[in-house]
Protein chains: 2
Amino acid sequence: MNQTTERREAVQVSVDVVLLTLVEQQLHAVLLRRAAAPFAGVWALPGGFIHTAEDADTKASAARVLQTKVGIEGAYLEQLATFSGPARDPRGWSVAVAYCALLPAQSLPPQRDDLCVVPVSALPQLPFDHRAILDAALARVRSKSLYSSLPVHLCGETFTLPQLQLVYENVLGEPLNKVSFRRKMDEMDWLEAVPGALQGGAHRPAQLYRVKPAFRQELALSPRGL
Amino acid sequence: MNQTTERREAVQVSVDVVLLTLVEQQLHAVLLRRAAAPFAGVWALPGGFIHTAEDADTKASAARVLQTKVGIEGAYLEQLATFSGPARDPRGWSVAVAYCALLPAQSLPPQRDDLCVVPVSALPQLPFDHRAILDAALARVRSKSLYSSLPVHLCGETFTLPQLQLVYENVLGEPLNKVSFRRKMDEMDWLEAVPGALQGGAHRPAQLYRVKPAFRQELALSPRGL
DNA sequence: ACAATAGTGTCTTTAAGACATTATCTC
DNA sequence: GAGATAATGTCTTAAAGACACTATTGT
């Protein structure tokens, strides 16, 4: 951007979204069957091109892709990284801005033919560099779950502390100390008890909580992890 | 990428680099005076368009920008984030893949008219959204310095532990405990003493160290910070 | 009363920080 | 040996984890 005569080459820019959810205590990714070439009929990450007329930025493009192609709204969305190069798309040099999205399982769209929800431990072959994008998303979600409130976006509106701890454990793949976990949640101060609400079984019911309004969009961070 | 007929719109893709270095115990950014419109004559981040014929990916584009426009090679480079939208560039909807680069001060290019090295605490007005990009780079460098070997890329080939600690302190903007710092460096095990080499003044000389080969490209991470 | 899970109190272990001491150089 | 900074030993403090105990429900 500093030389007078610089060729501006046409580069294809797309947005790809790794949409993750927690089903039966396992992280799952949402895949769509590609309708068009290249790789028509193949399971792939939801994605699409930028619509300059409607999208305020690539995050808006990603939200639009989730809405129009997956059929969901309100997922937590964060930019992951940008993947690029001449070989990732057979059509030529391309750039994909990848986003990571989290959604509670109960907010998934109704079942249909061109959509599947697969455990990340049993993914099919994916086209383009979608496998690398998905792996990057998993690494990001797992590492960020070590010190932030990220996993709460896999929960519904309200949840109990034992439920939340289980979600953390499922994402991280390791058990957590109950006392330490609750101490941290208390220190970080991003949860509030839902007044009277409880929940039962054949045992003591657990207090219901929700995220404080200030932390609905922003993540809560813990200085020393957990 | 799942519908048969999707318009592929022309989007301008550029690469911008936040090149940081440490001068007189302060973080400085390298800026270039723009030769061409828009914002001709204005100080801005080094940047440029992608050259599909030569660049293997946007990281290679960033490295090429550093080499051809700034005149340096071998800087530590990592992708920061991608900035996008209709308003950031007056020419229209654009995408900028931003990179963060670190360089020891002694590797800076010779002085010249269209290049300046300014303290990040006293930046001029910057065009486009370069200020936001720079702020994001600073935030990233500072937060990553809390738990990784990142700041070592502001040092030369060899350095003493007191020098390294000072670099960390300058980046983080706060003093560190000497014993803890050295304990961590020892635990993380990414440094090796340069055999006989020492360094003097009118006092006890300090042992020289360098980064172990395995960590020259990869960062060393500490599980619990510092 | 019993089984089952929620929630808390408290001790142990481990990591981080403060402080003091020893080491090694120049003058 | 005085002064300066490097390097390390050791005590204190704070955070994390283990474990046990109390609490509250349904049956």
Side-chain angles (χ1 to χ4, degrees), chain A residues 25 143 145-149 151-152 155-156 158-170 172-210 220-226, chain B residues 25 143 145-149 151-152 155-156 158-170 172-210 220-226:
Chain A
Q25 311 201 1
S143 85
S145 297
L146 287 168
Y147 61 91
S148 80
S149 59
V152 83
C155 297
T158 63
F159 44 85
T160 68
L161 286 184
Q163 284 173 345
L164 184 61
Q165 180 172 350
L166 189 59
V167 169
Y168 270 84
E169 290 172 335
N170 290 330
L172 294 172
E174 61 183 13
L176 296 176
N177 183 286
K178 182 169 66 162
V179 178
S180 299
F181 181 79
R182 299 172 81 103
R183 254 196 304 243
K184 277 291 173 189
M185 293 302 125
D186 189 51
E187 284 167 20
M188 291 170 68
D189 197 35
W190 56 284
L191 295 177
E192 59 186 7
V194 177
L198 300 182
Q199 188 203 37
H203 51 266
R204 176 172 176 175
Q207 177 68 54
L208 278 172
Y209 290 88
R210 68 177 168 208
L221 303 176
S222 170
R224 267 174 306 280
L226 253 187
Chain B
Q25 311 202 0
S143 85
S145 296
L146 287 168
Y147 61 90
S148 80
S149 59
V152 83
C155 297
T158 64
F159 45 85
T160 68
L161 286 184
Q163 284 173 344
L164 184 61
Q165 180 172 350
L166 188 60
V167 169
Y168 270 84
E169 290 172 335
N170 291 330
L172 294 171
E174 61 183 13
L176 296 176
N177 182 285
K178 182 168 67 165
V179 178
S180 300
F181 181 79
R182 300 172 81 102
R183 255 196 305 242
K184 275 292 173 189
M185 293 302 124
D186 189 50
E187 282 167 20
M188 290 169 69
D189 198 33
W190 54 285
L191 295 178
E192 58 186 6
V194 177
L198 301 180
Q199 189 201 38
H203 50 266
R204 175 173 176 175
Q207 177 68 53
L208 278 173
Y209 291 87
R210 69 178 168 208
L221 303 176
S222 170
R224 267 174 307 280
L226 250 188

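By convention in this document, chain letters (A, B, ...) are assigned in the order of the sequence lines, proteins followed by strands, and residues within each chain are numbered from 1. Note that these values count all heavy atoms, side chains included, but never hydrogens, waters or copies made by symmetry.
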Problem - For atom CD of B/Q207 and atom P of C/dA23, their distance in whole Å - result: 17 Å
Exercise for the section: Answer yes or no: is there a side-chain heavy-atom contact under 4.5 Å between A/F159 and A/L191? Expected result: yes
For nucleotides 11-15 of chain C, tabulate all protein N/O to nucleotide N/O atom pairs closer than 3.5 Å, reporting atom names and distance.
none

Handout entry: Any residue meeting salt bridge (charged side-chain N to carboxylate O under 4.0 Å, His left out) with A/R182, in chain and number order, not counting sequence neighbours
Key = none
Exercise for the section: Quickly work out the A/N177 CG to C/dG7 P distance and round it to whole Å. Expected result: 15 Å
Handout entry: Length of the CZ-P vector between A/F181 and D/dA15, whole Å
Key = 19 Å
Fill in the blank from the handout: So CG of A/L208 and CG of A/L161: to nearest 0.5 Å the spacing works out to 9.5 Å
Fill in the blank from the handout: Separation of D/dC21 atom C1' from A/K178 atom NZ, nearest Å, is 11 Å
Exercise for the section: Measure the shortest side-chain to side-chain distance between A/Y209 and A/V152 over non-hydrogen atoms and say whether it is less than 4.5 angstrom. Expected result: no
Problem - Minimum side-chain heavy-atom gap B/M185-B/Y168 below 4.5 Å - result: yes
Problem - Main-chain N/O of A/A193 paired with A/Q207 side-chain donor or acceptor, under 3.5 Å - result: no
Handout entry: Which residue lies more 5' along DNA chain D, comparing B/T160 with B/V179 via nearest heavy atoms
Key = B/T160
Handout entry: Atom pair distance, as rounded to whole Å: CG in B/L176 and P in C/dA16
Key = 12 Å
Handout entry: Proximal nucleotide (of C/dG7, C/dG17, D/dT8) relative to the B/R182 side chain
Key = D/dT8
Handout entry: Whole angstrom value for the distance that separates P of D/dA6 from CG of B/L161
Key = 10 Å
Problem - For atom CG of A/L164 and atom C1' of C/dG7, their distance in whole Å - result: 15 Å
Practice task
State which residues pass side-chain hydrogen bond (donor to acceptor under 3.5 Å, both in side chains) with B/E192; sequence neighbours excluded, sorted by chain then number.
Solution key: B/R210
Problem - Under the salt bridge (charged side-chain N to carboxylate O under 4.0 Å, His left out) test, residues paired with B/E169 that sit two or more places apart - result: none
Exercise for the section: Calculate the interatomic distance between B/Q165 atom CD and D/dT5 atom P; express it in whole Å. Expected result: 14 Å
Considering only nitrogen or oxygen atoms on both sides, find all protein atoms under 3.5 Å from nucleotides 24-27 of chain D and state each distance.
unit_1: D/dT24; atom_1: O2; unit_2: A/R204; atom_2: N; d: 3.0
unit_1: D/dT25; atom_1: O2; unit_2: A/A202; atom_2: O; d: 3.4
unit_1: D/dT25; atom_1: O2; unit_2: A/H203; atom_2: N; d: 3.1
unit_1: D/dG26; atom_1: O4'; unit_2: A/G201; atom_2: O; d: 3.4

Practice task
Determine the minimum heavy-atom distance between A/C155 and A/L164, stating which atoms define it.
Solution key: SG-CD1, 3.9 Å
